[in-house]
2 protein chains.
Amino acid sequence: MDNNQVQSKEQLILAAAEQEFLTKGYDGARTTSIAQAAGVTHAMLHYYFRTKEQLFERIVDEKFATMSHSMFAIMGDPSLPIVERIKGGIAAHFDFIADNPLLPRFVINEIVSRPERYEVLYKRAGIIIETIYRDLQLEIDRAAERGEIEKIDIKMLFISIMSMNIFTFLAYPFMEPLMGNLMADREQFLTARKAENIETILRRIKKQ
Amino acid sequence: MDNNQVQSKEQLILAAAEQEFLTKGYDGARTTSIAQAAGVTHAMLHYYFRTKEQLFERIVDEKFATMSHSMFAIMGDPSLPIVERIKGGIAAHFDFIADNPLLPRFVINEIVSRPERYEVLYKRAGIIIETIYRDLQLEIDRAAERGEIEKIDIKMLFISIMSMNIFTFLAYPFMEPLMGNLMADREQFLTARKAENIETILRRIKKQ
DNA sequence: CTTTGTATTAACAAAATTGTTAAACAATAG
DNA sequence: CTATTGTTTAACAATTTTGTTAATACAAAG
């Protein structure tokens with residue numbers, strides 16, 4: 001078998017499934033359409049993954065992991081001074097989402113439509129995040145006491161960063177036709193938007 | 001016929017359809033489930049609305065109108081000084097979305113899954129928005145020249161406002177379990193979040 | 001009180017979609 | 001070479017979902 005030369009059928013199906021699920025969601029996706037896009041008969045899809053549900057779970061697992069990686073990117077480089085660290089964190093998070101622009105909508109839709117399914121996963125993630133945030137909150141509090149920045153709740157700051165970074169991609173198709181020339185050149189807009197998000201957050205924590 | 005005393009069957013179906021479509025989307029919605037929720041046979045649904053598609057369009061039309069109203073709310077009260085105006089606009093927009101928390105996800109999903117359908121609608125909206133923004137941009141430019149605020153692109157500012165306000169509700173189910181006690185009390189969190197969004201935007205335009 | 005149009009139901013039909021199976025085929029280990 | 005194992009296909013089955021229809025009830029109008 002040539003697993004490396006040509007992509008295996010399994011790989012082809014997974015790639016096609018990812019595309020289909022990310023754009024159309026579970027309900028909108030069709031196993032026949034995935035099989036067709038992968039260039040295999042739809043019996044093959046069932047041979048490798050048994051059910052649509054199981055194929056979907058493979059994609060969900062990977063995408064949830066990617067999403068959590070993206071959230072850790074906001075943490076930034078701990079060796080840098082706090083303002084530089086936040087600046088870098090925002091940029092890294094923005095770039096991460098830029099590389100996975102379909103990810104947030106997929107994850108949000110999935111959480112909304114079957115919350116019970118992710119309760120366990122979520123409880124664990126919540127605890128991890130809690131401890132990590134505590135460290136960063138401490139660093140922020142110390143910087144605030146030194147008068148370098150404003151005192152602020154790190155969670156609120158994270159929500160603001162995620163809001164601005166994620167919304168950019170989430171609502172791109174919605175906003176683009178409404179914004180005239182501003183968003184006409186995607187690359188140029190994204191560059192400007194990244195800078196704007198950083199500027200907005202930095203001003204939020206700037207001592208005044 | 002008692003059109004007002006008791007809700008008409010048509011009204012019941014529309015209400016059930018709105019709930020179903022907003023939470024599950026077009027693909028996830030089931031006409032049988034809508035009929036059941038409305039307490040009518042599913043033949044009734046087809047009698048009144050012919051097809052799922054036509055029923056969906058009724059909901060979409062209304063929701064797109066609501067969404068565009070919400071966007072106009074950001075404009076704020078033109079009789080107020082610019083900073084107060086923006087402050088009020090953010091608050092009004094936030095409250096609007098708070099009253100329609102399922103709206104943004106629904107609209108975004110719809111735009112992403114069938115963009116061609118809204119091209120015409122969008123061209124028109126884009127032109128209207130363009131002219132309205134021009135006025136506000138002028139007012140901002142004048143205030144900036146007077147040294148009251150920073151010079152800023154109104155469209156960028158609007159995107160930031162929409163980002164922070166909308167993301168709050170869009171990602172609520174996703175964030176809530178990750179944020180420990182912060183989001184435990186929904187009302188309290190929304191109040192804090194509204195204030196945070198206003199603070200963030202005002203700092204963005206504050207002359208420094 | 002009969003006609004006419006609307007409302008309602010149950011049963012049915014059609015289509016789409018997921019999933020199965022049996023048989024053919026290919027690769028490979030012994 | 002052949003037995004075994006995994007791969008592939010075509011055809012089929014089951015289910016779900018949307019949509020239709022024919023029969024019936026009901027209300028209003030003449």
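A note on names: the letters A, B, ... follow the listed sequences, proteins ahead of strands, and every chain is numbered from 1.
The side-chain hydrogen bond (donor to acceptor under 3.5 Å, both in side chains) analysis of residues 91-106 of chain A, with sequence neighbours excluded, yields the pairs A/H93-A/N165, A/D95-A/K194, A/R105-B/N109. Residue pairs meeting the salt bridge (charged side-chain N to carboxylate O under 4.0 Å, His left out) criterion with at least one member in residues 30-53 of chain B, sequence neighbours excluded: B/E53-B/R114, B/E53-B/R117.
For A/Q54, there are no side-chain hydrogen bond (donor to acceptor under 3.5 Å, both in side chains) partners two or more places apart in sequence or in a different chain.
Close placement of the B/F158 and B/Y133 rings is indicated, their centers lying within 6.0 Å of each other. If you look at B/Y122 and B/F64, their ring centroids are not closer than 6.0 Å.
When the C1' atom of C/dA10 is taken as reference, atom NE2 of B/H42 falls 10 Å away, rounded to whole Å. In this structure, the CG atom of B/L12 is 14 Å from the C1' atom of C/dA7, given to the nearest Å. The CD atom of A/E10 sits 13 Å away from the C1' atom of D/dG6 (whole-angstrom rounding).
Contact record, A/P104 with A/I97: CG-CG2, 4.0 Å, taken as the closest heavy-atom pair.
Only at 4.0 angstrom or more do the heavy atoms of residues 14-29 of chain B sit from any atom of DNA chain C, so none qualifies. The stretch residues 44-57 of chain A touches DNA chain D through A/M44, A/Y47, A/Y48, each having a heavy atom within less than 4.0 Å of the strand. Within residues 31-41 of chain B, the residues that place at least one heavy atom under 4.0 Å from DNA chain C are, in residue-number order, B/T41.
Among the candidates A/K155, A/K123, A/R124, the single residue satisfying the salt bridge (Lys or Arg N to Asp or Glu O under 4.0 Å) test with A/E130 is A/K155.
Ring geometry for A/Y26 against A/F21 counts as parallel: the plane angle stays under 30°, on a 0 to 90° scale with 60° as the upper cut. The aromatic rings of A/F96 and A/H69 lie tilted to each other, with the angle between the two planes from 30° to 60°.
With no hydrogens or angles considered, a side-chain donor-acceptor pair links A/R193 and B/S160 at under 3.5 Å.
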